[in-house]
2 protein chains.
Amino acid sequence: MLSRKTKYGLKALTFLAKREEEEPVPISIIAESENISQKFLESILLSMRKAGFLGSKKGKGGGYYLLKNSNEIKVAEVYRILEGPIAMVPCVSLNFYEKCDDCPDESICSVHKLMIQVRDNTLKIFENTTLEDIIIKE
Amino acid sequence: MLSRKTKYGLKALTFLAKREEEEPVPISIIAESENISQKFLESILLSMRKAGFLGSKKGKGGGYYLLKNSNEIKVAEVYRILEGPIAMVPCVSLNFYEKCDDCPDESICSVHKLMIQVRDNTLKIFENTTLEDIIIKE
DNA sequence: TGTAAAGTCTACTAATTCTATAGGATAATA
DNA sequence: TATTATCCTATAGAATTAGTAGACTTTACA
C-alpha cells in the first residue's frame, strides 16, 4: 500500500510542476487544492526540500518551488525519500538491503526469487517515469 | 512492503508443494523448517484452508496438505487472501476498489494513472506465476 | 478406552507505524 | 513592527502487525 505521505507528496510535486510560473507557492494553496491537511503537508514538503527537490522561501510571497525541471525528477527518487524501499521485502532491496532473519539462504528462497521479479518491474516504471510524465493537463 | 503473514504463507505453501508425498504435514514441522512462529503460522494456514487451498486432518498423523496441484495455485490468489489488494492504492484495485476521499476526479489524478501501471505489471507477474514456478529444488 | 497428537477458535497484547496536530521559533516583506 | 510564511520539535490517537495464551475438538493407536 502506498502511504498517504507519498501520495500527497507526489500530488504536491505535480501540482507545482503543472504551473508555468516559477514563483513560490504557499503550502496553504497546495493543501487546499489537493485536499490535504496543511500541517501534514508541511512535514512532507520539508523532507522533500531537504532531499533537494524543492526550494523554499519564507515570509510574505514565500512558499515552495521546484528546484529541477519536472523531467529531471524521477518517481523512483521521490518514492524512496517518502516511502522508503521500492522492493516488497528488504532482502531484495537495492538501496535498503537487509537480510531476512527467518531466511538462512536467499538463493533457495522462493519468495526472494518472486520478489526480485516484482522489484525489477516496479523499478523499471519508477525509474523511467518523471514528474513530467504523470502531469495531466486539464 | 510484504507482510510476514503473506511471506510465511507463501513459504509454507511452497514447502508443501515441494514434497512428493501427499500425507498431511503438521504445522510444527513447517514452522520449524521455515523458522516461523508456530502459533502465528497456525492462523495463516487456517485462513488458507478456509480459502480452499489447503486441506487439514486433525489428530495423530494429521496436518495440512495441498488441495490442488501446485501449478493450479496462482500467487495472485494467495496474495489477495493473505495480504489483500495487489494495487498500491484502493482507487486502482480491481478486487478491492475504493474511492479516495481526497481525490475528486480519478481521471485527472496523476498518482492514479501511475499506480495503474504498477498494478498492471505486478498483476501480470502474480497472475502468471504459480507455486510450481517458484519452487526451488535443492 | 485412555492418552497423546494434532488442528480449531477466541481473545488478548505489545510494538510499531501512520496520520496527523500543537505550538512556538525563525525569517522575509511591507 | 506587524504580517505572512516556512522551520522545527514534540506529542497523540488510531490502526495495523506480529505475535501469545489457553481452552476445545477430533483422531489414531496402544
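Here the structure is a predicted model, which is why all the values come from computation and not from measurement. Every chain is numbered from 1 and lettered A, B, ... according to where its sequence line falls, protein lines coming before strand lines.
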Exercise. dC9(C) phosphate, OP1 or OP2: any side-chain N/O from K50(B) under 4.0 angstrom?
Worked result: yes
For this session: Give a yes or no on whether L46(B) and I29(B) share a hydrophobic cluster (residues Ile, Leu, Val, Met, Phe, Trp, Tyr; joining criterion: side-chain heavy atoms under 4.5 Å apart).
Result: yes
For this session: Decide whether V118(A) and Y79(A) are clustered together by the hydrophobic rule: side chain heavy atoms of Ile, Leu, Val, Met, Phe, Trp, Tyr closer than 4.5 Å, transitively.
Result: no
For this session: Can you tell me the distance, in whole Å, between the OH atom of Y65(B) and the C1' atom of dA6(C)?
Result: 13 Å
For this session: Starting at atom CD1 of I44(B), determine the distance to atom P of dG7(C), rounded to an integer number of angstrom.
Result: 14 Å
Problem set entry | dA28(D) OP1/OP2 closer than 4.0 Å to side-chain N/O of K57(B) | yes
Exercise. Within the structure shown, what part of the strands sits under 4.0 Å from I27(B) by heavy-atom distance: base, sugar-phosphate, or nothing?
Worked result: sugar-phosphate
Exercise. Quick one: is dA18(D) close enough that its OP1 or OP2 comes under 4.0 Å of any side-chain N or O from S37(B)?
Worked result: no
For this session: Could you tell me the separation between the CD atom of E42(A) and the P atom of dT4(D), rounded to a whole number of Å?
Result: 16 Å
Problem set entry | Presence of K5(B) side-chain N/O under 4.0 Å of dG19(D) phosphate oxygens OP1/OP2 | no
Problem set entry | D101(B) bridged to R4(A) by N-O distance under 4.0 Å | yes
Problem set entry | Nearest-angstrom distance from the residue atom CE of M48(B) to C1' of dT8(C) | 16 Å
Problem set entry | Between T6(B) and E83(B): side-chain donor-acceptor atoms closer than 3.5 Å | yes
Exercise. Between S3(A) and dT17(C), does any side-chain N or O lie under 4.0 Å from OP1 or OP2?
Worked result: no
For this session: Provide, to the nearest angstrom, the distance between the CG atom belonging to L2(B) and the C1' atom belonging to dA18(D).
Result: 14 Å
Problem set entry | Out of dC7(D), dA5(C), dA23(D), whichever nucleotide has its closest atom nearest the side chain of K39(A) | dC7(D)
Problem set entry | N/O (side chain, Y8(A)) to phosphate O (OP1/OP2, dT19(C)) under 4.0 Å | no
Exercise. dC7(D) phosphate, OP1 or OP2: any side-chain N/O from S56(A) under 4.0 angstrom?
Worked result: yes
Exercise. When rounded to the nearest 0.5 angstrom, what is the spacing between CD in E42(A) and CD1 in I27(A)?
Worked result: 4.5 Å
Problem set entry | Among dT6(D), dA30(C), dC8(D), the one nearest K58(A) by side-chain distance | dT6(D)
For this session: State which of dA6(C), dA28(D), dT19(C) makes the closest approach to the side chain of R4(A).
Result: dT19(C)
Exercise. Starting at CG of L54(A) and ending at P of dC7(D), how long is that distance when rounded to a whole Å?
Worked result: 10 Å
Exercise. Considering only dA23(D), dT26(C), dG7(C), which nucleotide approaches the side chain of P26(B) most closely?
Worked result: dG7(C)
Problem set entry | d(CE, M1(A); P, dT16(D)) in whole Å | 9 Å
